[in-house]
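These notes are about the structure you will find just below.
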Amino acid sequence: MPTITLPDNRQLPFDEPVRVETVVASIGAGLAKAALAAKVNDVLVDLSYVIEQDASLKVITAKDPEGLEVLRHSTAHLLAQAVKALFPSAQVTIGPVIEDGFYYDFALERSFTPEDLESIEAKMQELAAKEYEVTRRVMGRDEAIAFFRDSGENYKAEIIEGIPAGETLSLYQQGDFVDLCRGPHVPNTRHLKAFKLMKVAGAYWRGDSNNAMLQRIYGTAWADEKALAAYLYRLEEAEKRDHRKLGKLLDLFHTQEEAPGMIFWHAKGWQLYRVIEAYIRRKLHEYDYQEIRTPQIADKILWEKSGHWAQYREEMWMTSTENRDYAIKPMSCPLHVQVFKQGLRSYRDLPLRLAEFGSCHRNEASGTLHGLMRVRQLTQDDGHLFIREDQIEAEASKLLDLVYEVYHDFGFDDVHCRLSTRPDKRVGEEAVWDKAEIALQQVLERKGVQWTLQPGDGAFYGPKIDFKLRDCLGREWQCGTVQLDFQMPGRLEAYYIDEVGNKVVPIMLHRAVLGSMERFIGVLIEHFAGKFPVWLAPVQASILTVSDKQAEYAQKIYESLKKEGLRVEKDLRNEKIGFKIREHTLQKVPYLIIIGDKEVNSSQITLRSRSGEDLGAMSLADFTSLLEKESALLGRGKS
RNA sequence: GCCGGAGUAGCUCAGUCGGUAGAGCAACUGAUUCGUAAUCAGUAGGUCGUGUGUUCGAUUCACAUCUCCGGCACCA
């Protein structure tokens, strides 16, 4: 005799076990039409689920986040159904929901073409319109294996073989299409309307590059056409922020075939770079670092000792001369250890904080290169702290402060923090790893920052905390990192003398705040969509004359602003003022200074903001103090 | 590295079912001196990513290769 409690605390008594859809129908016809699934005692279930005991019930529609997930998941099934209809020899594998959509992986002897995608999508529309009931049934594990083997679905059978014997599995059927799935699913394909197939790509079976490559079709699905259109518009807008596009448009940098994965910084991009570098230098000073500079290349022997050769040989660039092999440095840590090792170190010297804008070369796989985000020559805002064991917490904690402070100054408040633990390929004893992982976790917990665990993702010498920022399409890029290392100083024979005269191997904290300068600038460009705040903007103001007559006065203004240390450009061309404004606005210059006869006569300037606002006439002194005030805000104010 | 797509003027792109290519913007020249997002006219500009092959003839077809784009794997 279940009594069902609705979210508004209304109670519905039933005489016997009842299907969710029956309950929903008794609430109202409109709701019954919109219902996709339900939460019974907070567990997401199908509408066909039978409630036997007293329970709470919440009906899920496409308006709920869970409803959207169900919708997307069912759309993935619809995709598989359409593919099977058009390509009977295709085998289905998995089709999960992802952010903003779903994908489904298929095994097929040939590749899907973009044209195939169109016909598959049309088929999906056609199938959805048939308003198939989506039905659920359970099957024993062994029976399910046989079922999928018989239908030629070997990948599905393999998945089920990984499930413990004796378990029962749920299968979902719509028309003649059956798929193994945990569910829940929409009750009828008529709910699937607003979807679009986005792209086709290769993906390894079970995510392992030793396995066969499957064909993955990505799609997106929404509650209605309007939401779908809004999503597509959002993508279009995001593409306009692409740092590669803006890098060209704003004349910041370029890349070319002869140097894949390496950046040619143009004057404006390099100006931006230098401002960021100068900012970091101020922070290094504030946090008691010593900036150093170490060689670009070093004997292979050093890398063998440090462990890099064994772990990362593939990615290291090599060069040789006079029968000696050298590696171009992929990172600075072994070289910083060499600096630490010069002279005899005392426990009183610790913590010793060394920093370097280290130019590193890594032979990244060709398919991974991506604008500024993934390059083969990168500059880390690198640092290594040599510390005693009792200093771990204090130093790691200070690092978190530094990282969050810096990100805040650049206007990033959406930082994803990850703790990565021991990987398969590693050096060092398990007990040391235990200690290191616990230490980092404790620091995170005491700081009270939000973080997630990434098991197996640590560096080969120790666990790490990573800070990730998102690009305009929502892809995450690792920027800052804090890595605890109990291995490398010992491998490279570094030690200090403790209070009682013993030689002790220091612990090393590797850290980068921005990560790679290149990547950080890439994210920064997209974050601001090229509209850099005044302190970062390569050109802070452009001086535009209305006609030739004001050239001399404009030149004077230009000189005095330059003398103030401001980054200004002048545009004295014989062009209409509207044209000049357009050009400099497209260049996203924060302030335009308009000089006409009026300004010459009153010894003033007229100011226009990047957003098109007329800020009126003012003296040069007023303008410089305005810029100064705004620069002091860094990236924390308006952009 | 793997799967798929792409590479044509400085930029954005059109085009050639095999007969050596075109637009807009930019550049250059001239006219215009014009007050808040494009003044007008003219000129010049490309061995169609690279190599090899097929062909009377290749930017177009084939093969190889490089780079880029989207994923996957990787990411000290």
Side-chain angles (χ1 to χ4, degrees), chain A residues 103 105 110-114 116-117 198-218 242 244-245 248-249 251 254-261 303 306-308 310-316 329-334 360 362-371 373-374 378 380 382 420 423 425-426 457-462 464 466 473 475 477-478 481 483 485 488 510 512 515-516 519 544-551 573-586 592 594-599 606-610 612-615:
Chain A
Y103 67 77
D105 286 350
R110 76 167 180 86
S111 300
F112 290 120
T113 63
D116 290 336
L117 237 50
M198 303 299 287
K199 56 199 172 195
V200 57
Y204 298 107
W205 166 235
R206 302 207 138 153
D208 185 338
S209 57
N210 296 312
N211 289 341
M213 184 156 271
L214 307 172
Q215 308 234 20
R216 175 171 297 178
I217 295 177
Y218 284 91
D242 190 314
R244 293 162 300 187
K245 213 168 251 181
K248 194 179 276 179
L249 184 74
D251 196 17
H254 87 272
T255 56
Q256 64 185 52
E257 283 198 23
E258 288 79 358
W303 304 101
S306 70
H308 289 92
Q311 306 287 334
Y312 291 103
R313 168 180 2 186
E314 295 290 305
E315 280 92 340
M316 287 166 70
K329 75 174 172 189
M331 54 194 309
S332 301
C333 33
C360 300
R362 301 176 179 179
N363 194 4
E364 302 281 5
S366 57
T368 65
L369 303 179
H370 185 97
M373 306 297 200
R374 190 82 179 264
L378 62 145
Q380 286 182 303
D382 208 359
S420 298
K425 271 173 100 180
R426 60 176 180 266
D457 233 18
F460 71 88
Y461 45 69
K464 57 177 185 172
D466 288 330
L473 290 172
R475 295 174 292 207
W477 297 96
Q478 186 203 300
T481 187
Q483 310 181 351
D485 183 356
M488 204 177 293
H510 306 238
S516 108
R519 175 177 290 178
L544 318 182
T545 47
V546 172
S547 78
D548 280 351
K549 286 182 284 177
Q550 302 90 28
R573 291 176 304 169
N574 174 16
E575 293 289 353
K576 291 173 90 166
I577 191 68
F579 180 77
K580 294 186 186 181
I581 286 171
R582 176 182 159 77
E583 284 207 333
H584 292 262
T585 304
L586 287 174
L592 302 186
I594 315 292
I595 304 292
D597 284 339
K598 227 162 47 187
E599 288 72 20
T606 292
L607 200 59
R608 179 190 159 104
S609 76
R610 178 163 51 193
E613 205 182 342
D614 185 351
L615 301 173

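All figures in this text were calculated on a predicted structure; none of them were measured in a lab. Numbered from 1 within each chain, the chains take letters A, B, ... in sequence-line order.
- Classified by interplanar angle (parallel below 30°, tilted 30° to 60°, perpendicular above 60°), the ring pair Phe460(A)/His308(A) is perpendicular.
- Judged purely by distance below 3.5 Å, without hydrogens or angles, the side chains of Asp597(A) and Gln550(A) pair a donor atom with an acceptor atom.
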> Does the side-chain contact (heavy atoms from CB on, under 4.5 Å) test come out yes or no for Arg110(A) and Gln215(A), once each step is laid out?
Replying inline: CA-CA 9 Å; Arg110(A) 76 167 180 86; Gln215(A) 308 234 20; 5.8 Å; no
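- Side-chain atoms of Arg362(A) come within 3.5 Å of backbone N or O of Pro330(A) as a donor-acceptor pair.
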> Given Glu364(A) and Leu369(A), is the side-chain contact (heavy atoms from CB on, under 4.5 Å) satisfied, shown in steps?
Replying inline: CA-CA 7 Å; Glu364(A) 302 281 5; Leu369(A) 303 179; 4.1 Å; yes
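- Using a 4.0 Å heavy-atom cutoff across all strands shown, Lys580(A) reaches no nucleic acid atom at all.
- Atom CG in Asp548(A) sits about 13 Å away from atom P in G35(B), given to the nearest Å.
- Nucleic acid contact for Gly578(A): sugar-phosphate only, since backbone atoms but no base atoms lie under 4.0 Å from a heavy atom of the residue.
- Between C17(B) and A37(B), the distance separating the two P atoms is 45 Å to the nearest Å.
- G30(B) and C68(B) have their P atoms separated by 42 Å, with the value rounded to a whole Å.
- When heavy atoms are screened at a 4.0 angstrom cut-off, Asp614(A) is found touching no nucleic acid atom at all.
- For the residue pair Tyr461(A) and Gln483(A), a side-chain donor N or O sits within less than 3.5 Å of a side-chain acceptor on the partner.
- Using atom P as the reference point in both G7(B) and G49(B), the two lie 8 Å apart (nearest Å).
- Regarding Arg573(A), its CZ atom lies at a distance of 11 Å from the P atom of U39(B), rounded to whole Å.
- A gap of 33 Å separates the P atoms of U67(B) and A27(B), to the nearest Å.
- Nucleotides A76(B) and U12(B), compared at atom C1', are 40 Å apart to the nearest Å.
- Between Glu575(A) atom CD and A41(B) atom P the separation is 14 Å, expressed in whole Å.
- Contacts of Ile577(A) with the nucleic acid, taken as non-hydrogen atoms under 4.0 Å apart, involve only primed sugar atoms and P, OP1 or OP2.
- Taken together, the paired segments of RNA chain B that extend over three or more consecutive Watson-Crick or G-U pairs, each closer than 3.5 Å at both contacts, are B:1-7 with B:66-72, B:10-13 with B:22-25, B:27-31 with B:39-43, B:49-53 with B:61-65.
- The CD-C1' distance, from Glu599(A) to U36(B), rounds to 11 Å in whole Å.
- Here the side chains of Lys580(A) and Thr545(A) are in contact, with some heavy-atom distance below 4.5 Å.
- Side-chain atoms of Ile581(A) lie closest to U36(B) of the nucleotides U36(B), G35(B), U12(B).
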> In B/S/- notation, 5' to 3', how is nucleotides 63-76 of chain B contacted by protein heavy atoms closer than 4.0 Å?
Replying inline: ---SSSSBBBBBBB
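- To the nearest whole angstrom, the two C1' atoms, one in G19(B) and one in A26(B), are 32 Å apart.
- For Leu586(A) and A26(B), the CG to P distance is 11 Å, given to the nearest whole Å.
- Between Glu583(A) atom CD and A38(B) atom P the separation is 11 Å, expressed in whole Å.
- Between Asp208(A) and Arg206(A), none of the side-chain N atoms (NZ, or NE/NH1/NH2) sits under 4.0 Å from a carboxylate O, so this pair counts as no salt bridge.
- Looking at heavy-atom distances under 4.0 Å, Thr606(A) makes contact with a base.
- Following rounding to the nearest Å, Ile594(A) (CD1) and C34(B) (P) show an atom-to-atom distance of 16 Å.
- A heavy-atom distance below 4.5 Å is found between the side chains of Arg519(A) and Arg374(A).
- Between Lys248(A) and the phosphate of G10(B), there is no side-chain N or O to OP1/OP2 separation shorter than 4.0 Å.
- A salt bridge does not link Lys329(A) to Asp382(A): none of the charged nitrogens lies less than 4.0 Å from a carboxylate oxygen.
- If you check every strand for non-hydrogen atoms under 4.0 Å, Asn210(A) touches nothing.
- To the nearest 0.5 Å, atom CZ of residue Arg608(A) and atom CD1 of residue Ile594(A) are 7.0 Å apart.
- The base of G1(B) has none of its N or O atoms less than 3.5 Å from a complementary donor or acceptor on the side chain of Glu314(A).
- Contacts of Ser111(A) with the nucleic acid, taken as non-hydrogen atoms under 4.0 Å apart, involve only primed sugar atoms and P, OP1 or OP2.
- Taking atom CZ of residue Arg110(A) and atom P of nucleotide G5(B), one finds them 11 Å apart after rounding to whole Å.
- Here the separation of C72(B) from A64(B), taken at their P atoms, is 27 Å to the nearest Å.
- Taking the P atoms as reference points, U43(B) lies 12 Å from G24(B), given to the whole Å.
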